[in-house]
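Notes follow the structure.
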Amino acid sequence: MVDLIGYVLTFADEFDNRSISQTGLNTTWSDIRQEWRFDDNSDIGFGKSSFVDPASGFDPFEVNDGILTITAVPDKTPSGYPGSWESGLITTQGGFVQKYGYFEMRADLSGTKGAWDAFWLMPTVQTKNPLDTDLWQEVDVVEHYGAWDRGVYSAIHTTDLDKQDYSSTQSYAETATVDGFHTYGLMWTEETLSFYLDGQLTATKVTPSDMHTPMYMLANLAVEQGADVNGPAMRMKVDYIRAYTEKQPEAVQIIYNGTAGNDVLVGTDRSETFNLFGTGLNGSAAIQPGTGFDKIAGGLGADNLILGGFWSDYSLLSASDHTFLVTARGATDVTGIEQGTFGTTAIQSWSSVLTGTAAFDGLSYIAGYSDLRAAFGTNATSGKEHFLQYGFSEGRALSFNALDYIASYSDLRQALGTDATAGAQHFIQFGATENRDVSFDGWAYLASYSDLIQAFGANETAAAQHFIQFGAAENRTTSFDALAYAAANADLTAAFGTDQEALARHYVLYGYAEGRALDAGTSVLAVTASAIAPADVGTATPALAAAFVTDTAGHGDAGMFTGGAWLGTPEVNYIAADVFVIA
C-alpha cells in the first residue's frame, strides 16, 4: 500500500461544491488551458474532442452528492473544433502547483468505446528539448480507454535523452473489478516516479532529469477516433483529487489572510495560525470580515484562528460536525481549531469563542432573500435548515440587518424599538411588499460622530440601537461622505474603490485615530453633523487582483495583495521565510 506517513495534505477537492471557471481566478479549477484556447469558450482539446466551458451552450460538468461528472457529447454547439465531440477538462494551471509529493484521484472511468479518461501533471515551465524535436514534459498518472475498460496506463513524457524507450516511461496495470470507483496515484520524488492503483504499487521509474520543477494537475474526458455518436453516453465520475507533500522537519508559520473569493485552507499536523480576514496593513488595507465563503480545517496541531473584525460581526450556526461563522458578507465552515481570537482580542479556547458568539438568526437570513421569504415566511427554523443544506454552498449570507431596517423608518422605531426579531418579521410579512428598503447604515452613522466612535468603537449593532433610542430624537443624521473620504486619501481609493461601507468602516477603525482628512479640505477635527438623509450604502466587494504565489529556488516566497491592489514592493514580495500572507 502507498505509505503516506510523514506526508501532509496540501490540496483537496472533494467536489462538495463546484469551483470551475474559464480562467481559474477565485476558483479551484479552470476549464480552458490558455495556451490551447481555440475560441471564446473552448480549448482545442485532443483526440476527436474539444474541451468547452459552459458558456459555449453545453455544460460538460455536474456536481452532485460529492461527485464531479464530466460528460462528452457529439458536436452540439458552435464552440470547439468543427466536428469534434464536446467534453470537459479541469486544471489547476495558474493556481495550485507542487514539486514532488503524492497525487491521487478517485474516479469511476467511462467504459464506453471511444472514451479516453486521464489524470495527469504538467510543469509550469517546459524545459527546452535539446534536439528541438516534438518532445515535452508530462506525467500521466492514469490514461484509460473505454474500448479496453479493464486496463489502465501510466506514462512519462520527457526530453531526457536517456529516458526515451517505452520500457522506462510507460506501464500497464489492470483493475481487479472493472466497474466502479478506483484510486489512481503517483508518488513523485527526486529519485523516482511510482504509480499506484487502488493503493497498490504498479510501477516505479527513475525520475528524468527534466522533472524537478513544480507541476499543476489536470483531469479530463477526451474522445478517441471511432466513437459511436449513437452509442451510450460517455461519463467520467470523480470523487476527489488530492495532493500531499512530505512534511519538512523545520517549523514553518503559515498565515493565510482570506481573499474575497472562496478559500479552502487545509491544516497540517504543525501548529499554525490561519488569519482568515485581514484587518488592515498600515491602517489602509482593511478587508471587511466575512468576505467570501471559506473552509478552515485544522490539522493535528494546536491551530489558532484569527478572525478579522469584531465578535459582533459574527453569528454561529452548528450542526453535526460543522460549525459556521456567518456574517453580512460571507461565512466560514470551521473544523479542527483549538484556539481563536477576533482582531486584537486575547487568544482563548475555541469553545469560549463559540459560547460568546451570537446565535444565527434564521429570520434575518430569510428576510434577505425573496425566494426564502416566499417559501418559509417567518419560520426561523426552516431558515437555519436551508442555510445548512443549501445556503452556504450557494454563497448566501446574513445580508439583512433588522436593526438597520427599523432605524430607517420612524414608524418602525416607535412600534418596534430595538426588537430585531420583530424587525425581520415585519419586513418578511409587510416591508418587502411595501417596497421598504434599508437606508440606514450603522457604519456611516458611527463615522459621522466622534462621540459615537469613542463610545461604541466598531460596534455597528450599538450604533443602530443608539439611533433608534436616542439619535433620531436628537436630530442626528448621517453626515459621513465616504466618497469624499476616499478622494482625500489615495491609498483608500486604491484599496476600496467606491465601496462606501468599507470606507466608513476604515474611518471608524483607523482613520479617526490617525486624524485622516475627511475630504480635500477638511480634517478629522472638523467633524460636524450636516442635515442629510441617511445614505443607502451598497455592499460591493472590491475586485481581486489576478495573483498567485510561485516557487523560487533558494528561499521562501510570499506574495501580498488585498482587494484589487498589490501591497508592498518587489523587494517584499520575496522574503527569506516561508510566510504566505494572501489578503
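Side chains of Met187 and Tyr244 form no contact here, defined as non-hydrogen atoms less than 4.5 Å apart. Side chains of Val139 and Met211 form a contact here, defined as non-hydrogen atoms less than 4.5 Å apart. Residues Asp149 and Asp179 form a side-chain contact, since some pair of their non-hydrogen atoms from C-beta on lies under 4.5 Å apart.
With Ser56 contributing its side chain and Asp53 its backbone, the two residues share a donor-acceptor pair below 3.5 Å. Between the side chain of Ser42 and the main chain of Val52, no donor-acceptor pair closer than 3.5 Å is present. In this structure, the side chain of Ser110 does not engage the main chain of Ala115 through any donor-acceptor pair within 3.5 Å. A distance-only check finds no donor-acceptor pair linking the side chain of Thr204 to the backbone of Phe195 [under 3.5 Å]. Listed for the Ser154 side chain is no donor-acceptor partner under 3.5 Å among the backbone atoms of Val142. Proximity of a side-chain donor or acceptor of Thr158 to a complementary backbone N or O of Asp160 within less than 3.5 Å is detected. Distance alone, capped at 3.5 Å, is enough to place a donor-acceptor pair between the Asp210 side chain and the Thr159 backbone.
Residues satisfying the side chain to side chain donor-acceptor pair (under 3.5 Å) test with Thr493, not counting sequence neighbours, are none. For Phe181, there are no ring-ring contact (aromatic ring centres under 6.0 Å, His included) partners, not counting sequence neighbours. In this view, His182 satisfies the ring-ring contact (aromatic ring centres under 6.0 Å, His included) rule with no residue, not counting sequence neighbours. Not a single side chain to side chain donor-acceptor pair (under 3.5 Å) links Thr23 to another residue, sequence neighbours left out. Judged as a side chain to side chain donor-acceptor pair (under 3.5 Å), and not counting sequence neighbours, Thr124 has no contacts.
Remark: Tyr390 OH is loosely packed, at most 12 non-hydrogen atoms of other residues, nucleotides or ligands lying under 6.0 Å away.
Between the CD atom in Gln137 and the CG atom in Leu121 there is a gap of 12.5 Å [rounded to 0.5 Å]. The line from CG of Asp140 to OG1 of Thr169 is 10.0 Å long, rounded to the nearest 0.5 Å.
Ring-centre distance between Tyr153 and Tyr172: below the 6.0 Å cut-off. Less than 6.0 angstrom separates the ring centroid of Phe324 from the ring centroid of Phe392.
Residue pairs meeting the salt bridge (Lys or Arg N to Asp or Glu O under 4.0 Å) criterion with at least one partner in residues 184-193, sequence neighbours excluded, are absent. Applying the salt bridge (Lys or Arg N to Asp or Glu O under 4.0 Å) test to pairs two or more places apart or on separate chains, those with a residue in residues 34-50 are Arg33-Asp43. Here ring pair (Phe, Tyr, Trp, His ring centres under 6.0 Å) pairs that include residues 33-58, with residues two or more places apart or in two chains, are Phe38-Tyr81, Phe46-Phe51, Phe46-Trp116. The side-chain hydrogen bond (donor to acceptor under 3.5 Å, both in side chains) contacts involving residues 63-75 comprise Glu62-Asn64, where partners must be two or more places apart or lie in separate chains. Among residues at least two apart or in separate chains, salt bridge (Lys or Arg N to Asp or Glu O under 4.0 Å) pairs with a member in residues 102-124 are Arg106-Asp239. Within the structure, salt bridge (Lys or Arg N to Asp or Glu O under 4.0 Å) pairs that include any residue of residues 13-24 comprise Glu14-Arg242, Arg18-Asp59 (at least two apart or interchain).
In this structure, Trp136 and His157 have parallel ring planes: the angle between them is below the 30° cut-off, well short of the 60° mark.
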ring-ring contact (aromatic ring centres under 6.0 Å, His included) between Phe11 and Phe96, intermediate numbers included
CA-CA 8 Å; Phe11 177 94; Phe96 175 82; 4.9 Å; yes
Full working for side-chain contact (heavy atoms from CB on, under 4.5 Å) between Trp350 and Val334
CA-CA 10 Å; Trp350 187 242; Val334 183; 3.7 Å; yes
Trace of the side-chain hydrogen bond (donor to acceptor under 3.5 Å, both in side chains) decision for Ser84 with Ser50
CA-CA 6 Å; Ser84 66; Ser50 294; 3.0 Å; yes
Which donor-acceptor pairs under 3.5 Å do the side chains of residues 214-227 make with protein atoms, sequence neighbours left out?
from	atom 1	to	atom 2	distance (Å)
Asn220	OD1	Trp120	NE1	2.7

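Across Tyr102, Tyr100, Tyr196, a single residue satisfies ring-ring contact (aromatic ring centres under 6.0 Å, His included) together with Trp188, and that is Tyr100.
Checking Glu86 against Ser79 by side-chain atom types alone, no donor-acceptor pair falls below 3.5 Å. In the model, Ser19 has no side-chain atom that pairs as donor or acceptor with a side-chain atom of Thr27 under 3.5 Å.
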